[in-house]
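As structure tokens, the structure follows; a few thoughts come after it.
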Amino acid sequence: MTQLRFHNSLTRREEEFRPLDPAHVKLYVCGPTVYDLAHLGNARPVVVFDVLARLLRRVFPRVTYARNITDVDDKINARARESGEPISAITARTTADFHRDMAALGALPPDVEPTATGHIAEMIALTEKLIARGHAYAAEGHVLFSVGSFPDYGKLSGRNQEELLAGARIDVAPYKRDPGDFVLWKPSDDETPGWDSPWGRGRPGWHIECSAMSWRHLGQQFDIHGGGADLLFPHHENEVAQSRAAFGTPFMAHTWLHNGMLLVNGEKMSKSLGNFLTVQDILAQGPWAGEAFRLLLLRTHYRSALDYTEAGLIEAKAELDDSYAMLGRAPAVSDTPLITEMAEWALEPLVDDLNTPLAIARLRDLRTLENSATVGGSAAAVLSRIGKAWQPVPGQAAAAFREAAAVLGLAQGDPRAWLQGGDDASAIEAAIAARLAARAAKNWAEADRIRAELLAQGVVLEDGPGGTTWKRA
RNA sequence: GGUCCGAUGGCCGAGUGGUCAGGCACAGGUCUGCAAAACCUGCUACGGCGGUUCAAUUCCGCCUCGGACCUCCA
């Protein structure tokens, strides 16, 4: 079995991944708070952990991937007050938008997608456990987690409690015993969503929901917990404290993975800064944009910061154009050990902390191998560089490319649809036929005029030995 | 102020104690009626200063710059 390695935020080291149960791997990722359209930064963990889930499914017999929907939150309440739109309408619409946007980025749905409002009972149960074990206390209608009761608090984010307080930009609520204590449950007035609880009508704090939902769907302890690096503290730190303190366990998730931030113009994209681009903004650029953005995300290692640029998106599109063109040329072939070997080679970098940039580079090598086989040329340079003696016949490297790219969720579409999709193409075909006639008559001026005319319409012609093909620019 | 991360060629972006990343752009070539596409070739980089070492872009220290986090944040 393939040995995966991940950089574990908990230990700050790369380590071998050993599932608690190799027959059933469990993954939890923090999902969106549904009050507004997903921005580019929201998309990064979705795409990154989608690749992780695909990889895990390839390696292990069973994987459960849980990603929550946070549908109770004060930002949602605030949005409802501003707009007058009912909360349930906001969350339902935003959830649907989220699903649509993530599907456009090629992200498969998680196996389970629990909602916070669907797990109020579990949150209350967890809070009761924490009170019973002396890790939480009720005060003025609130229930607070007592960080002083949990010695390991700060271990995940690598800080001690004194440090946390030193530069804290917070007003400490008077009912807190310790400034670091955080809310598990808080009271709701009549205008605010609330549920009956042992502490009166109220609503959960932010962090408790993930502890409750991961517990319900994955158990007290599970393999991997993922999310954005900005969630490391306080969100994940608090989750760990809640879950471990409630269950008396030595860890919550064994491995913690955090994706780096997506920047725009060198600055973190965030709703509070107002400098965010939505996934919709990207998708509006064309039917190619979702997959191009996915490729853009995966061309940078998940733990690094990624500075989004328009030029990068265009470059990603061009790369997909080339890949689909290659796939479109390649003949269909039956499976062979060589195809499997080439695909495995391309995917090999993923086992080392999800090195998608290197896997993509290898995909490009497979593309070159295919092109040299089908279009013509020498594969010697590539084979020499990668130290392989492969001699694929036309179609084989393309098949390996497809198989490997599937794990990245890329290049799975119909090449013809990618290159020639859009409006009715009959006029283009007619123009090409007219040009072929002109060429046959050696009327180069007319042939070139037609070609220029099509180019002005965004149609690029390519004359090959098998005839003239075209694609939209 | 505290904690952490990063700095690679015109741009993007892997990786490594000593032989190659890769892509884009650019230049030349093969092919083509000319192009385009494809293939080939070139473009020999690792922020600064010290240290360890036979050898440092890679390890260590300091510095500079950038970014993230310090209870809204993916």
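By convention in this document, chain letters (A, B, ...) are assigned in the order of the sequence lines, proteins followed by strands, and residues within each chain are numbered from 1.
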OP1 or OP2 of [N] sitting under 4.0 Å from any side-chain N/O of [X]?
X: A:S378; N: B:C39; value: no
X: A:N371; N: B:A38; value: no
X: A:S372; N: B:A38; value: no

From the options [options], select the nucleotide whose nearest atom is closest to the side chain of [X].
X: A:D322; options: B:C34, B:A38, B:C69; result: B:A38
X: A:A361; options: B:C40, B:C69, B:G22; result: B:G22
X: A:R329; options: B:G22, B:A38, B:A68; result: B:A38
X: A:T300; options: B:G13, B:A36, B:C24; result: B:G13
X: A:E315; options: B:G22, B:A38, B:C24; result: B:C24
X: A:R435; options: B:C34, B:A36, B:C70; result: B:C34
X: A:R364; options: B:A74, B:C72, B:G22; result: B:G22
X: A:L358; options: B:C40, B:A14, B:G33; result: B:A14
X: A:D448; options: B:C40, B:A74, B:G33; result: B:G33

Please give, in whole Å, the distance from [N] [atom2] to [X] [atom1]?
X: A:M102; N: B:A74; atom1: CE; atom2: C1'; answer: 10 Å
X: A:L296; N: B:G23; atom1: CG; atom2: P; answer: 18 Å
X: A:N238; N: B:C72; atom1: CG; atom2: P; answer: 11 Å
X: A:I314; N: B:C11; atom1: CD1; atom2: C1'; answer: 15 Å

[Y]/[X] salt bridge by N-O under 4.0 Å criterion:
X: A:R67; Y: A:D111; answer: no
X: A:R362; Y: A:E348; answer: yes
X: A:D463; Y: A:R435; answer: yes
X: A:R203; Y: A:D74; answer: yes

Nucleotide opposite [N] in a Watson-Crick or G-U pair, distances under 3.5 Å:
N: B:G47; value: B:C63
N: B:A27; value: B:U41
N: B:U52; value: none

Using the C1' atom in both, what is the distance from B:C59 to B:G18, to the nearest Å?
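The same atom, C1', in both gives a distance of 15 Å.
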Considering only the P atoms, how many Å lie between B:G17 and B:C24, rounded to the nearest integer?
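One P to the other, the span is 28 Å.
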Using a 4.0 Å heavy-atom cut-off, does [X] contact any base of the nucleic acid, only the sugar-phosphate backbone, or nothing at all?
X: A:K268; value: base
X: A:T469; value: nothing
X: A:G312; value: nothing
X: A:N355; value: sugar-phosphate
X: A:A381; value: sugar-phosphate
X: A:H39; value: base
X: A:G464; value: nothing

Looking at [N], does its base get a donor-acceptor pair with the side chain of [X] below 3.5 Å?
X: A:R451; N: B:A35; value: yes
X: A:D307; N: B:G67; value: no
X: A:D230; N: B:C72; value: no
X: A:R12; N: B:C4; value: no

Relative to each other, are the rings of A:F233 and A:Y153 parallel, tilted or perpendicular (30° and 60° limits)?
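Because their plane-to-plane angle is over 60°, the rings of A:F233 and A:Y153 count as perpendicular.
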Kindly assign one of parallel, tilted or perpendicular to the pair A:H135 and A:F150, based on the angle between their ring planes and the thresholds 30° and 60°.
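Because their plane-to-plane angle is over 60°, the rings of A:H135 and A:F150 count as perpendicular.
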Take atom CZ of A:R416 as the centre, draw a 6.0 Å sphere, and report whether it contains more than 12 heavy atoms from other residues, nucleotides or ligands.
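No, CZ of A:R416 has 12 or fewer neighbouring heavy atoms, counting only those of other groups under 6.0 Å.
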